[in-house]
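Below is one structure; the comments refer to it alone.
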Amino acid sequence: MRLSVQEAAFDAGAELNKFSAGATGAGAVVSFTGLVRGDAGLTAMEIEHYPGMTEKAIAAIMDQTLSRWSLTDALVIHRFGRLTVGETIMMVATASPHRADAFAAAEFLMDYLKSRAPFWKREERSGGTAWVAAKDTDEAALGRWSSDGSME
Amino acid sequence: MIELRYFAWVRERIGLSSEHLETHAATVAELVAELVSREERYAAAFADLKSLRVALDQELSDFDAPLAGVREVAFFPPMTGG
C-alpha cells in the first residue's frame, strides 16, 4: 500500500505501470485518474489541505478498503497547491486476484476521498475565485456502501 | 492551551490559519460560543454550524464532543477532495 500527498506533478501512466509491475498475485488492476476539468471560464484550481490529518485520513480509508475487499495492494496519490486545466489532481489504483473486488474497492476509495479526506478546492475564473461547495450527491454516495461492503 | 486551526473559507473569514487559546470550554459547542462572543469575524465564520465540520486532534468529530485532553481543534467546511 502506498500513499502520497504531494504538491509536485506526477506521471499517472508511469505510476500505474510501477503499481502493476509490483502487484504480485493480482489478476486485475483498476485505476482512476482525476483531472482539472476545463469548465467554462475556469483557469486554475487551488487545493488546500490539512497536513498531517490528510495522510491519517487517507491511510484510514485505505485500511478500511483493504479489510473490506480481497486486494493485494492499493495506491493513492493526491496533489495540493495550484493546478491548471488538464493537470492530474489525483489517482487511485487497486490490485486484486479478480476484477470485481478491484473495481468496487477503487470506487469505494474515490467516494470516501471525496467527502472524508481534508481537501478543499477553490476555483479560479477570470471573474474571481470561489470555494467549491460539497455536493449532496457526494455525501449520498457514501450511503450506498452497506456494512458488508457490497453496493446496495 | 489548545491550538485552533482554520481551513478554506473559515480561515478566510477569521483571517487566521491558526492560533492558541486558553479556554475552559468543556465541549466544541462551548468553544464555538466563546469564539463567537469575541469578535464579529468569528460570528461570521460560525454563523451556520451545519455547513461546518470539526476535527479533534486530526480526527473528524462533532460539536457535542468533549474537549478534555484535546490539543488541536480544526474547523473547516465540508471536504471537496478527489
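Below, read A as the first sequence line, B as the second, and so on, with proteins coming before strands; counting in each chain starts at 1. Because only heavy atoms are used, hydrogens play no part in the values below, and waters and symmetry mates are left out as well, while side chains stay in.
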**Q.** Pair A:Glu48 + A:Arg82, salt bridge at N-O below 4.0 Å
**A.** no
Q: Indicate yes or no: does B:Arg41 engage B:Glu19 in a salt bridge with an N to O separation below 4.0 Å.
A: no
Q: Determine the option with the most heavy-atom pairs under 4.5 angstrom with chain A, choosing from B:Glu59, B:Arg11, B:Arg53.
A: B:Arg11
Q. Is it the side chain or the backbone of A:Lys114 that comes within 4.5 Å of chain B heavy atoms, both, or neither?
A. both
Q. Who among A:Glu139, A:Arg116, A:Met110 has the most heavy-atom pairs with chain B under 4.5 Å?
A. A:Arg116
Q: Evaluate the ring planes of A:Phe119 and A:His78, with Trp represented by its six-membered ring, and classify them as parallel (under 30°), tilted (30 to 60°) or perpendicular (over 60°).
A: parallel
Q.
Using heavy-atom distances under 4.5 Å, tell me whether A:Ala57 contacts chain B through its side chain, its backbone, both, or neither.
A. neither
Q. Taking the six-membered ring of B:Trp9, is NZ or CZ of B:Arg13 closer than 6.0 Å to its centre and within 45° of its axis?
A. yes
Q. Side chain, backbone, both or neither: which part of A:Ala133 has a non-hydrogen atom closer than 4.5 Å to chain B?
A. backbone
Q: Please lay out, stage by stage, how A:Trp145 and A:Tyr112 fare under the test ring pair (Phe, Tyr, Trp, His ring centres under 6.0 Å).
A: CA-CA 10 Å; A:Trp145 300 102; A:Tyr112 274 78; 7.8 Å; no
Q) Do you know which of B:Ala55, B:Pro77, B:Ser51, B:Ala74 has the most heavy-atom pairs with chain A at a distance under 4.5 angstrom? A) B:Pro77
Q. Is it the side chain or the backbone of A:Arg79 that comes within 4.5 Å of chain B heavy atoms, both, or neither?
A. neither
Q: Run the numbers on A:Thr129 and A:Glu46 for side-chain hydrogen bond (donor to acceptor under 3.5 Å, both in side chains), then give the verdict.
A: CA-CA 9 Å; A:Thr129 66; A:Glu46 178 86 32; over 6 Å; no
Q: Would you mind checking which part of B:Ala8 comes under 4.5 Å of any heavy atom in chain A, side chain (CB onward), backbone (N, CA, C, O), both or neither?
A: both
